[in-house]
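All remarks here apply to the structure that follows.
In this text the structure is predicted, and so the values were computed from the model without any measurement.
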Amino acid sequence: MNSFISSFKPLLLALALIACFESTVFFLLRPDDVGRSNYFGFNYLTPEHNHRFIISEKLRQLSSLSPDIVQVGDSSGYFGVKPTTVMRYLKGLSYVNISCCANTGYDGYYAIADYMFTHTRSIKYLVLYISLTNLPRNDLTQGDKSTGDVAQSFDSVWADFMPPSTALRFQVTNALYNGFGWIRPLSEDAAPTPYYRKLAAGFKESRGWALESDIRKMPEAQENYWKGVCGDGIFNESYYHANDILGHPYSLPLMQYNRFAALAEKHNATLIIMAQPFPCSINSQVLQERVKEIAEIKELHPNVIVIPKGLFEHWPKEYFTIIPHLRTGYEEANSERVGRTLAAALGISPPGLEQPPYYSLSVADQKVSPVWQSTHFTGKDWVVEGAKVQALNSDKTELIEATENGWHRLMANHLTLPKSQTAYVFSILFKVSGARAVELEMVDGIRPGQYGTAVCNPAKQETLRTGDIIDADMEVLPDGWYRCWASMTFNGTTAGYSIAINKDNSSLYEGDGKASLILREALLQPGARVMGDIQAQAALSGVIAEDVRNPTLAFPRR
Amino acid sequence: MTFNSYYFLFVFLPLVTTGYSVLRGTRWVNIFLALASLFFYAYAGPLYLIPLLFTCLFDFAVGQKIAPENPFKYKKALFVFSLVMQLGLLCVFKYGAWFSHLFTQGAAFAGIAVAAPAFALILPPGISFYTFHTISYTTDIYRGRFKPHNRLIDYITFVAFFPQLVAGPIARASELLPQIAAKRPAVTWAEAEIAIWLIAFGLFKKMVLADNFAMLVNHIGATLETGAPPAGAGLLFAYGFAAQIYCDFSAYTDIARGVAKLFNIELTRNFLTPYFAISASDFWRRWHISLSNWLRDYLYIPLGGDREGRMRTLRNLFITMFLGGLWHGAGIGFILWGLYHGMLLVLYRLLKPEEKFFRLLGAHLGRIVSIILMFHLVCVGWIFFRASSDQLYPAFSSIIALFRGISIQADFLRDMIYGLVLYGSVLAATEFAGYVKHCEFVDLYSRWHWIGRGIAYVAIFYGIIMFAARQQNEFIYFQF
């Protein structure tokens with residue numbers, strides 16, 4: 001024994017020192033389990049992946065809300081279900097949306113659900129909300145590198161043994177990797193960009209929902225996308241089967257539903273499997289097999305509810321940006337659908353709410369005069385930076401980029417808006433030359449305020465948006481003209497706008513002195529979307545909306 | 001299963017050491033160790049066991065037949081056949097796909113469209129290492145330097161002994177097999193303490209140093225791939241990879257030695273402060289010692305070594321280093337790296353620059369200059385070893401650009417240099433501490449006061465907690 005003690009004195013000393021320090025950290029900081037996890041990399045010069053940030057912030061913030069209903073799953077639910085809307089139908093039950101992304105994998109969804117169950121005793125219902133395109137299959141079992149190993153970080157025996165000082169990793173690495181602020185400025189937190197910091201700051205209020213931010217494709221490109229993804233190959237029976245160690249095949253959906261049902265059972269909760277409306281047609285045989293699995297799981301576990309019964313509910317393609325994502329403006333209708341169907345499934349009598357408009361975004365009324373209009377870009381409203389402006393004739397102006405490195409833009413600052421907390425849509429008519437795109441930038445006049453950009457790229461036939469932009473898109477007009485528009489809700493009554501030339505998705509670049517934009521008109525109107533958008537017109541048709549609202553009606557094919 | 005995984009450290013290793021302690025002294029102990037080793041290996045894929053077990057059984061049988069006391073007539077033929085089998089198996093797995101690809105490319109270059117057989121064999125981990133283990137066994141028996149072993153289970157334990165199976169050190173049968181076959185005494189607490197230290201420091205080197213250097217190297221590598229890297233990026237790439245591969249490989253060796261100690265088995269040392277080498281031959285006495293000794297004894301000396309005149313010696317050096325490079329893997333980079341080191345050995349032997357530095361600058365300054373020169377020459381070699389075809393030319397051109405005074409990207413260089421200095425200072429300090437005492441840093445442990453040892457453990461613990469890369473990276477030498 002003496003030999004043991006003398007040999008292990010150093011280790012015993014180390015253990016004693018570590019125990020003292022860890023106890024001190026624990027009592028002083030009381031780190032939560034998210035902070036104490038190994039989930040973030042905190043590697044040198046490597047920003048955290050936004051999916052990791054979203055998952056960890058949702059777990060941290062939403063577990064403290066003591067919810068009755070927790071939703072996990074892929075991004076169809078993250079963007080498509082607004083808990084604040086759902087809760088209007090649930091008579092006091094509290095709902096949180098912890099869905100993130102399909103690449104979390106079913107192991108990840110499970111780990112998130114388990115974490116919530118163990119940290120929140122109030123949960124009565126677990127909602128597994130998924131798009132039919134992300135039903136359980138082999139490549140969606142484990143998470144990928146971007147979401148990291150959620151299960152190991154939050155739902156494993158290793159996670160339980162993480163020392164409290166793990167919660168100090170951000171502070172320590174941030175200080176050392178940035179030379180205590182001397183080499184580079186220190187980071188505020190693990191957010192990969194300020195946008196995600198702002199997004200996460202709103203999670204408690206939105207209860208986990210966020211605005212989708214997909215690329216907008218122009219009609220032809222969007223149609224090609226649908227042709228590509230909605231073909232015969234979208235579902236294949238082989239996706240949903242795997243072999244066990246003895247080579248016997250088994251159903252992956254059944255296996256996953258079984259796990260989730262058992263987890264809910266363990267915590268005296270009910271599992272609700274819910275599918276997002278689907279934009280494509282679907283091979284009925286494959287769907288029938290999935291419905292059979294659902295019937296089987298319901299027999300095995302009486303605590304399972306499935307909505308809708310046949311899993312499949314069709315909504316028009318115009319309501320979607322990609323298969324699992326509803327376009328901004330339709331999430332309200334979907335959340336209403338979730339609320340209504342959940343209430344019915346849980347035996348809650350309908351609250352008799354007035355149904356909100358099917359498409360929730362306001363559309364700029366063409367008959368109402370715009371808040372602001374400009375056709376003369378050389379006028380006093382505009383300030384030019386890194387470019388030259390020349391009037392071509394009475395209604396056309398050319399913005400030619402300079403050869404310097406930096407922005408090449410026109411700015412309209414300090415515009416006065418009639419109302420605060422209102423959405424305004426900014427649109428321009430333009431032509432482009434020299435493989436360039438146009439970027440609209442919108443900024444609130446007050447701080448902290450809203451900020452966002454939209455890049456309309458005619459060559460790629462797509463529109464990208466960032467930050468707080470609600471929606472944006474581009475329309476093809478006659479004679480090579482395009483309309484690029486973007487909308488944002490302003491906190492205050494002053495606003496700034498810019499029209500910049502964009503090259504390869506960058507607004508800061510060395511210009512060639514030749515490439516240019518030809519501008520005809522810039523408009524600022526109240527609303528979140530412009531009229532005239534072909535897709536919008538189709539999608540806003542009352543017939544379609546009413547038809548989807550009441551699925552018993554035959555859906556008119558177009 | 002990798003040494004830096006939770007399952008290895010907290011499940012597999014405790015279970016195996018406990019099982020070993022219970023069975024030690026019985027005839028079951030090596031059966032247990034063999035099974036544990038095979039399980040460890042099969043964890044990566046059960047099919048990998050097929051070539052491993054085939055090699056074990058085949059060479060064990062060959063060993064019995066070619067022993068000098070065996071009256072079998074065709075010993076030489078059987079020995080040559082066994083070499084062909086072992087190296088053939090290695091070549092098929094390691095070079096099959098590459099040769100097939102080269103053949104197709106060559107034919108295409110000549111304007112002939114050839115549908116070469118598609119080789120899609122997955123390389124079994126550590127095949128290069130265990131092939132060399134078994135070659136040492138049959139060769140030593142054939143030469144009459146070692147008697148064949150009669151117990152198959154001991155032989156399987158020797159070849160498959162899990163601490164050294166996938167990345168060495170390359171163990172000779174004459175060194176390891178007698179230890180495995182013997183009844184080993186219980187591990188003392190003092191030995192266990194050293195073993196734990198080796199494992200702990202190895203984990204620190206791998207998870208904190210090697211994996212973070214790897215991220216820097218990847219970062220710089222991505223810049224090289226753009227084709228227009230800032231001046232000096234290639235040099236930083238070489239420094240970063242020199243540090244990464246040393247920390248990675250020596251960490252594996254430390255852990256392997258520590259784990260083997262828990263079974264009272266001593267594995268050979270693989271490194272001795274290699275970046276303090278003053279010449280090319282000095283470097284190979286300090287870097288991957290088990291491989292360089294193996295190549296010396298089983299290739300260089302049989303080729304004639306330095307016994308047949310200067311030109312033959314130089315030829316033998318070139319051939320040995322060429323094959324040493326090829327041993328690392330199928331790829332032109334490894335061959336160039338081997339040839340480059342062959343060239344360095346030849347040039348150092350012809351020019352003896354270190355002696356000139358010593359004469360001109362005196363012992364201290366001469367040594368410092370020799371070390372700096374050799375370190376940079378080794379770093380240049382690492383570019384061949386690590387760079388992809390997209391990175392190779394930009395790496396060298398960015399180094400040349402340094403001498404042309406081309407404008408530099410200050411932010412990029414600042415960030416990369418800071419990162420390298422941050423982790424490099426830890427490596428440099430520990431290496432220097434070992435160098436001045438003519439040993440490795442891990443060996444200094446036994447000379448410290450127990451309070452110092454305790455503080456070292458605390459430093460390692462918090463180093464890992466705070467700075468270890470969270471994604472589990474495999475050891476580089478697993479691929480070989």
(message) side-chain contact (heavy atoms from CB on, under 4.5 Å), that's the test. Do B/Y462 and A/I18 meet it? Break it down for me.
(response) CA-CA 9 Å; B/Y462 283 111; A/I18 290 167; 3.7 Å; yes
(message) Apply side-chain contact (heavy atoms from CB on, under 4.5 Å) to residues B/F467 and A/L176 and explain how you reach the verdict.
(response) CA-CA 10 Å; B/F467 302 107; A/L176 204 64; 3.4 Å; yes
(request) Check step by step if side-chain contact (heavy atoms from CB on, under 4.5 Å) holds for A/V157 and B/F10. (result) CA-CA 11 Å; A/V157 65; B/F10 300 117; over 6 Å; no
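Residue B/H449: no heavy atom, backbone or side chain, is found under 4.5 Å from chain A. For B/L216, the part sitting under 4.5 Å from any heavy atom of chain A is the side chain, from C-beta outward, and nothing else. At a 4.5 Å heavy-atom cutoff, B/I194 makes no contact with chain A through either its backbone or its side chain. For a residue to count as touching a neighbouring chain, one of its non-hydrogen atoms must lie under 4.5 Å from one of that chain's; by this rule A/L15 does not touch chain B. Using a 4.5 Å cut-off between heavy atoms, B/I465 touches chain A through backbone and side chain atoms alike. Only the side chain of B/F461 comes within less than 4.5 Å of a heavy atom in chain A; its backbone stays farther off. Neither the backbone nor the side chain of A/Q171 comes within contact range of chain B, judged by heavy atoms closer than 4.5 Å.
With salt bridges taken as basic N to acidic carboxylate O contacts below 4.0 Å, one links A/R184 and B/D415.
Between chain B and the options A/F40, A/F42, A/Y39, A/F21, the largest number of non-hydrogen pairs under 4.5 Å is found for A/F21.
Within residues 502-514 of chain A, no residue has any heavy atom closer than 4.5 Å to a heavy atom of chain B.
In this structure, A/L45 CG and B/H219 NE2 are separated by 5.0 Å, a value rounded to the nearest 0.5 Å. Note that CG of B/D211 and CG of A/N43 are 9.0 Å apart. Values are rounded to the nearest 0.5 Å. Here the OH atom belonging to B/Y457 is positioned 4.5 Å from the CG atom belonging to A/L11, to the nearest 0.5 angstrom.
Residue B/R453 comes nearest to A/P10 through the heavy atom pair CB-CB, 3.4 Å, listed as atom of the first residue, atom of the second, then distance. The two atoms that bring A/A14 and B/G454 nearest to each other are CB-O, 3.5 Å, heavy atoms only. Residue A/T173 comes nearest to B/M466 through the heavy atom pair CG2-O, 3.5 Å, listed as atom of the first residue, atom of the second, then distance.
At a threshold of 4.5 Å between non-hydrogen side-chain atoms, the residues B/R470 and A/R169 count as touching.
Ring centroid separation for the pair A/Y177 and B/Y418 does not come in under the 6.0 Å cut-off.
Between B/Y6 and A/W158, the ring planes are parallel. Angles under 30° get that label, and only those over 60° would be called perpendicular.
Within a 6.0 Å sphere centred on OH of A/Y250, other residues, nucleotides and ligands contribute more than 12 heavy atoms. Other residues, nucleotides and ligands place no more than 12 heavy atoms under 6.0 Å from the CD atom of A/Q142.
A donor-acceptor pair under 3.5 Å is formed between the side chain of A/Y44 and the backbone N or O of B/G419.
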